[in-house]
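Just so it is clear: chains get the letters A, B, ... in the order the sequence lines come, proteins before strands, and each one is counted from 1.
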Amino acid sequence: MSRLSACWGRFVDFWDEREHPRALALVRILFGACLVYDFTHILWLDLVVPLFGVADAGGMSDALMREKTPLYYQIMPGTVASAYALHAAMLAASIGLMIGMFTRTSALVVLLAWAQFSSVLPYSDRGIDALARLVLVILVFAPSGRWLAADAWWRTGSVWGTGEAELAWARRLLIAQLVLMYFSAGVLKVGITWWPMGHFAALYFALQDPAVAAYDFGFIRRQPFFLLVQLGVVVTMLYQWTYPLVLLLMWWRRNPGRGGRVAAFANRYRLEFLWIGTGLLFHLILALAMNLGIFPWAMLALYPVWLHPDELHVIGRRLGLS
Amino acid sequence: MSPSHSCASLRTINRHLRALILLFVLTANLTYAVPYPQIEAEDISDPEWRAAEFEMWHGAIAGVGIRLDPERFAVVTKTAYWWLGRVVEVVRMPFKPVFRVLKTGQQWGLFAVVAEHPDGLLVEVRRDGEWEVLYRRLDSDHDWRDGMLKYRRLRGVWDGVKDEPKGTYKRFSVWLAKEIFREQPDVDRVRVVLERRHNVLPWEDLDPEVTRRAERHHKRSNHMPDDAP
């Protein structure tokens, strides 16, 4: 019993720790910028009515024909103006989130409006949209507007806030989310082409799918390109299946002296950055080679969570930003 | 009780409450991360259900020297799938309303199964009685509104993994036809087609066959009655 109680005590202490909010604020700004870009892109492509509107208003949604109408269209009429209103709410609140104005309220508005948009036209909703909503849930409760934000300016007279330490749970939950996502992405790769029996040809086939490939990749039939693409599949599977090791490596770094020589070696060379760096490279390659919209950029926007705010401060100073 | 003492007690309660909420959040998300295949009870006795997949895994197991009866292997695995699904559903139940309202989950099958027979979008128009290609993905000579048609949300509306086009495909093709009729007054017909190619491995012979499927034909007079002569 006392062991369980001690364990719970450590758990409570862990989630009660505090740190400077700059890492979380950077996520808010970068992630918010991705959302602003995405929603502005819809406007730029003149797709607001087709995507947000119901069929009668010129949209592609069958929201008013379904047995259960999405809440938004239960309240609002199925008109062009309603389509624009839903889009405007998402865009305005995303701008608010990015600049840290009414930060938590903005995050909540984007979250709820986005969930409704997903109900209106479910097929337009991709994996990154579902992940973005999970991130927004965290930002609704997190103190991300306490640094480099309009809210910080209103509260303290400076956009940099007071510099007081805030609860660190939000950054830690985002780390857990990233680990879970990468691991799940590995485990769910059940297609035979991700495995030796399928010749590790998944990326080869993905790059030849005209719907997602950014260019004509017909040349990858030749060597050494095919071999490189196969290598890409092996690395992807390895790093995604073993991603939870990042948590162990971070725990070792938090508890120096534990884990013996392996942990000492891992701490010395910051081995967790093997996984984090591979992920970074993976997203950059995806951004160049595939047509996946904000997916790689929104993922990279979460990467500041991998650095402790004090490390970010040091980097900022070295870059002459501090 | 002194004010400072009651303040400390409140702080302690607050700390424990926060940890409890976060434990709840972590548990909820972990339950949604557990993968399980969608299987109905009748699928267990259906020899066609994911037959190729079971055959492949059975072959892989046999390859490492484990001999199993293929039919029994499939039935036992499917039964295990079914039970796993029921257990996961029960465990997820308390958290379901939140995930349903927020339209999210924790299953991240990024390119879990890659298409070997991908579809490419093709748009053809008729001008002065002659058909011509207006849009074909990755064809720089026919790239009408490529930026819009390759946008991820719009791609989601028509691009699927099943043989049947998605439910929104028809509305997508109607909308697309109207856009073309509005922009190009000399077009009187629009055809929206999915071109299916078979991609093969480098050591296999190229398959030149392109299958046209899910063709949708649109007449200007049906969609733009005001334009009729």
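- Listed options B/Glu116, B/Glu195, B/Arg197 were ranked by heavy-atom pairs under 4.5 angstrom with chain A; first place goes to B/Glu116.
- The two residues B/Pro35 and A/Leu188 come nearest to each other via the heavy atoms CB-CD2, 3.3 Å.
- To the nearest 0.5 angstrom, B/Tyr32 atom OH is 11.5 Å from A/Leu134 atom CG.
- Using a distance-only test at 3.5 Å, with no hydrogens or angles considered, a donor-acceptor pair links the side chain of B/Arg155 to the main chain of A/Ala211.
- For A/Arg221 (side chain) and B/Pro202 (main-chain N/O), a donor-acceptor pair under 3.5 Å exists by modelled atom type.
- The choice from A/Pro122, A/Ala214, A/Gly59, A/Ala55 that makes the most heavy-atom pairs within less than 4.5 Å of chain B is A/Ala214.
- Among the candidates A/Thr193, A/Val212, A/Leu203, the single residue satisfying the side chain to side chain contact (heavy atoms under 4.5 Å, CB included) test with B/Phe111 is A/Val212.
- The OG atom of A/Ser124 lies 8.0 Å from the OH atom of B/Tyr151; values are rounded to the nearest 0.5 Å.
- Atom CH2 of B/Trp108 is surrounded by more than 12 heavy atoms from other residues, nucleotides or ligands within 6.0 Å.
- Heavy-atom pairs under 4.5 Å with chain B were tallied for A/Trp44, A/Phe14, A/Phe11; the largest tally goes to A/Phe11.
- Ring to ring, B/Trp203 and A/His199 are close: their centroids are under 6.0 angstrom apart.
- A salt bridge links B/Arg18 to A/Asp16: one of the charged nitrogens lies within less than 4.0 Å of a carboxylate oxygen.
- Both the backbone and the side chain of B/Leu20 have a heavy atom closer than 4.5 Å to some heavy atom of chain A.
- Using a 4.0 Å cut-off between charged nitrogen and carboxylate oxygen, A/Asp38 and B/Arg152 count as a salt-bridge pair.
- Interface remark: A/Trp114 contributes side-chain atoms only to the contact with chain B (heavy atom separation under 4.5 Å).
- Ranked by non-hydrogen atom pairs under 4.5 Å with chain A, the options B/Asp139, B/Leu154, B/Leu121, B/Val174 are led by B/Leu154.
- Using a 4.5 Å cut-off between heavy atoms, B/Gln107 contacts chain A through both its backbone and its side chain.
- Side-chain atoms of B/Asn199 come within 3.5 Å of backbone N or O of A/Gln208 as a donor-acceptor pair.
- Counting only distance, with no hydrogens or angles, the side chain of A/Asn291 and the backbone of B/Lys150 share a donor-acceptor pair below 3.5 Å.
- Ranked by heavy-atom pairs shorter than 4.5 Å toward chain B, the options A/Ile220, A/Asp209, A/Leu111 are led by A/Asp209.
- Contact count versus chain A (heavy atoms, under 4.5 Å) is highest, among B/Val101, B/Leu149, B/Leu23, B/Asn29, for B/Leu23.
- For the pair A/Ser184 (side chain) and B/Ala33 (backbone), a donor-acceptor distance under 3.5 Å is absent.
- Of residues 63-73 of chain A, not one residue has a non-hydrogen atom less than 4.5 Å from any non-hydrogen atom of chain B.
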